[in-house]
*Asks:* 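I'd like to ask some things about the structure below.
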Amino acid sequence: MVLQQAFLNDPAKWLSREQPDEPVYFFDPKTLRATARQFLEGFPGEVTYAVKANPAPAVLETLVEAGIAAFDVASPQEMEMVRRASPAARLHYHNPVRSKSEIIAGRSFGALSWSVDRLSELDKIGDLHGLEIAVRLKLPVSGAAYDFGSKFGATPEDVAQLLRVVQARGGLPSITFHPGTQCEDPQAWSAYIFAAADVAHQTGIPLHRLNVGGGFPAHRNGTAPALTAIFDAIRSAADQAFDGTPPPLVCEPGRAMVSESYELALQVKAVIGETVFLNDGVYGGLSEWRDIAPADRIRVFSHDGQERKGATFPATVFGPTCDSIDKLPDAVALPNDLQEGDHLLFHACGAYSAALATRFNGYGARRVVTLLR
Ligand SMILES: *Cc1c(COP(=O)(O)O)cnc(C)c1O
């Protein structure tokens, strides 16, 4: 990505001056710092950032400046990126299936916490002394945009067994879970916390920590996320479930931390009746639109920087590649005075957008403009 800085608040001004005909991201460090503060002040425990949502160096550096000192990483490459932003960062290696060479790399990066969901993978780690082993619990819980329990996690019975093995081998036994991404229901966390406490009580093993995962929602479907309600639900469930003395808590937000701090600007290549061709799509920064409710705040600017305010029509939107499935899954409400050359500014594109974009057919964003205010 080519980085650029601009002294302005308003991406619309930059667009009307530069008229980019390639997709451009705008990064707003001020918004990212404010969200980091919201987590650090509101969450009752340690806040780690799940790097996969957006591993851009500027994002990691801004989070470090804002006081985030621990990171949820899934691969040696992510560990290296975090170390570059902060040599002292605490690494939580919470991808429960690892190759032998990844385990060697994780050890050499000094990862402190390792998640597991089956004995064979615990065996692979080898010596557990000094390592936090976070056993990943799965429940049939709803509330998220899609269910992470379908890939990883052990049943409560298996978690109990794994905790016993971890303790016998000298590891620090914790429980972790992940309610699934874009989870809007605070009860999902409560259900998991009560189940984790049940397992811990059954085994009689005091938990080193309880990691409540990521999954915190971003702005979607016209509503801002109710993070405070989720923090309150987590705090009160942990107090109740552990009779007033819960283990130290950890969370690992990805999406909710970074979503609001990027906007994505795309240009209209052609308008043909109710069909609109953009210069990016599901192979680029809008790839998540196939799986989850899309970013719902879109502003449209004419060539001279005026915001289009016309009544909306349901546009069929195609991306720029020659592939017929390069189409947004649902119609998008766009103003009826839309014209070729206009720019669309999509809010809340910080998570799972740049990180998932491909270079298919020679497209994909290559520029990030950092807004300095
Ligand atoms: C993806 C992931 C996260 C972050 O999820 P979000 O929905 O982006 O908050 C956190 N922890 C683990 C283990 C993950 O795999």
Side-chain angles (χ1 to χ4, degrees), residues 32 35-36 38-39 42-43 45-56 59-60 63 68 70-75 77-79 82 90-98 102 106 111-118 121 132-139 141-154 159 174-186 188-189 192 196 209-220 225-227 230-231 234 249-262 287-288 291-293 295 348-356:
L32 184 56
T35 312
Q38 200 184 355
F39 269 96
F43 181 76
E46 180 176 49
V47 179
T48 72
Y49 170 61
V51 172
K52 75 170 186 273
N54 187 332
V59 166
L60 300 178
L63 288 172
I68 301 290
F71 293 80
D72 167 42
V73 288
S75 61
Q77 180 71 40
E78 285 188 351
M79 296 184 208
V82 170
R90 295 188 291 280
L91 300 175
H92 292 179
Y93 191 0
H94 282 186
N95 181 348
V97 176
R98 309 170 183 87
E102 286 176 329
L112 296 170
S113 176
W114 299 56
S115 74
V116 295
D117 65 355
R118 65 204 75 197
E121 290 296 310
E132 175 181 18
I133 303 294
V135 180
R136 175 124 166 213
L137 170 67
K138 75 167 168 200
L139 296 177
V141 167
S142 62
Y146 53 88
D147 177 13
F148 276 44
S150 60
K151 182 167 181 186
F152 294 128
V159 170
S174 292
I175 293 180
T176 186
F177 57 82
H178 192 302
T181 202
Q182 186 64 24
C183 183
E184 289 167 8
D185 183 1
W189 279 272
Y192 263 109
R209 299 199 287 181
L210 176 61
N211 186 322
V212 303
F216 300 89
H219 193 300
R220 281 286 182 287
L227 289 182
I230 296 174
F231 297 155
I234 290 171
L249 301 177
V250 188
C251 68
E252 39 193 33
R255 178 186 305 282
M257 184 68 89
V258 78
S259 179
E260 286 290 310
S261 66
Y262 270 51
S287 100
E288 245 205 342
D291 305 314
I292 169 173
C349 285
Y352 307 111
S353 176
L356 292 174

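Atoms within a ligand are numbered from 1 in the order they appear, just like the ligands themselves.
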*Asks:* Could you tell me, atom by atom, which parts of ligand 1 come under 4.0 Å of a heavy atom of H94?
*Replies:* 13 (C)
*Asks:* Do NZ/NE/NH1/NH2 and the carboxylate oxygens of R255 and E288 come within less than 4.0 Å?
*Replies:* yes
*Asks:* If the cut-off is 4.0 Å to any non-hydrogen atom of G254, which atoms of ligand 1 fall inside it?
*Replies:*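 Checking each atom against G254, I get 4 (C), 6 (P), 8 (O), 9 (O).
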*Asks:* Which value, rounded to the nearest 0.5 Å, describes the distance between R98 atom CZ and Y93 atom OH?
*Replies:*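 Going from CZ on R98 over to OH on Y93, the span is 5.5 Å.
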*Asks:* So, are R90 and E46 salt-bridged, with charged N and O less than 4.0 Å apart?
*Replies:* yes
*Asks:* Does the residue Y352 have a heavy-atom contact with ligand 1, meaning some pair of atoms that are separated by less than 4.0 Å?
*Replies:* yes
*Asks:* Between K52 and ligand 1, which part of the residue brings a heavy atom under 4.0 Å of the ligand: side chain, backbone, both or neither?
*Replies:* side chain
*Asks:* Say whether G215 and ligand 1 are in contact under the criterion: heavy-atom distance to a ligand atom below 4.0 Å.
*Replies:* yes
*Asks:* Just which atoms of ligand 1 are under 4.0 Å from any heavy atom in R255?
*Replies:*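 So the answer, numbered in order with elements, is 6 (P), 8 (O), 9 (O).
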*Asks:* Please state which part of H178 comes within less than 4.0 Å of ligand 1, counting heavy atoms only: side chain, backbone, both or neither.
*Replies:* side chain
*Asks:* What atoms of ligand 1 come closer than 4.0 angstrom to any heavy atom of A50?
*Replies:* 3 (C), 4 (C), 10 (C)
*Asks:* I'd like to know if the side chain of Y352 and the backbone of S287 have a donor-acceptor N/O pair within less than 3.5 Å.
*Replies:*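 Checking the backbone N and O of S287 against the side chain of Y352, no donor-acceptor pair under 3.5 Å is found.
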*Asks:* State whether the side chain of S261 and the backbone N or O of V258 hold a donor-acceptor pair below 3.5 Å, judged by distance alone.
*Replies:*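 At least one qualifying donor-acceptor pair exists.
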*Asks:* So, taking the atom named CD in E252 and the one named OG1 in T176, what distance separates them when rounded to the nearest 0.5 Å?
*Replies:* 5.0 Å
*Asks:* Please check: side-chain N/O of Y192 versus main-chain N/O of L139, any donor-acceptor pairing under 3.5 Å?
*Replies:* yes
*Asks:* Using a 4.0 Å heavy-atom cut-off, say whether T181 meets ligand 1 through its side chain, its backbone, both or neither.
*Replies:*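 The answer is both.
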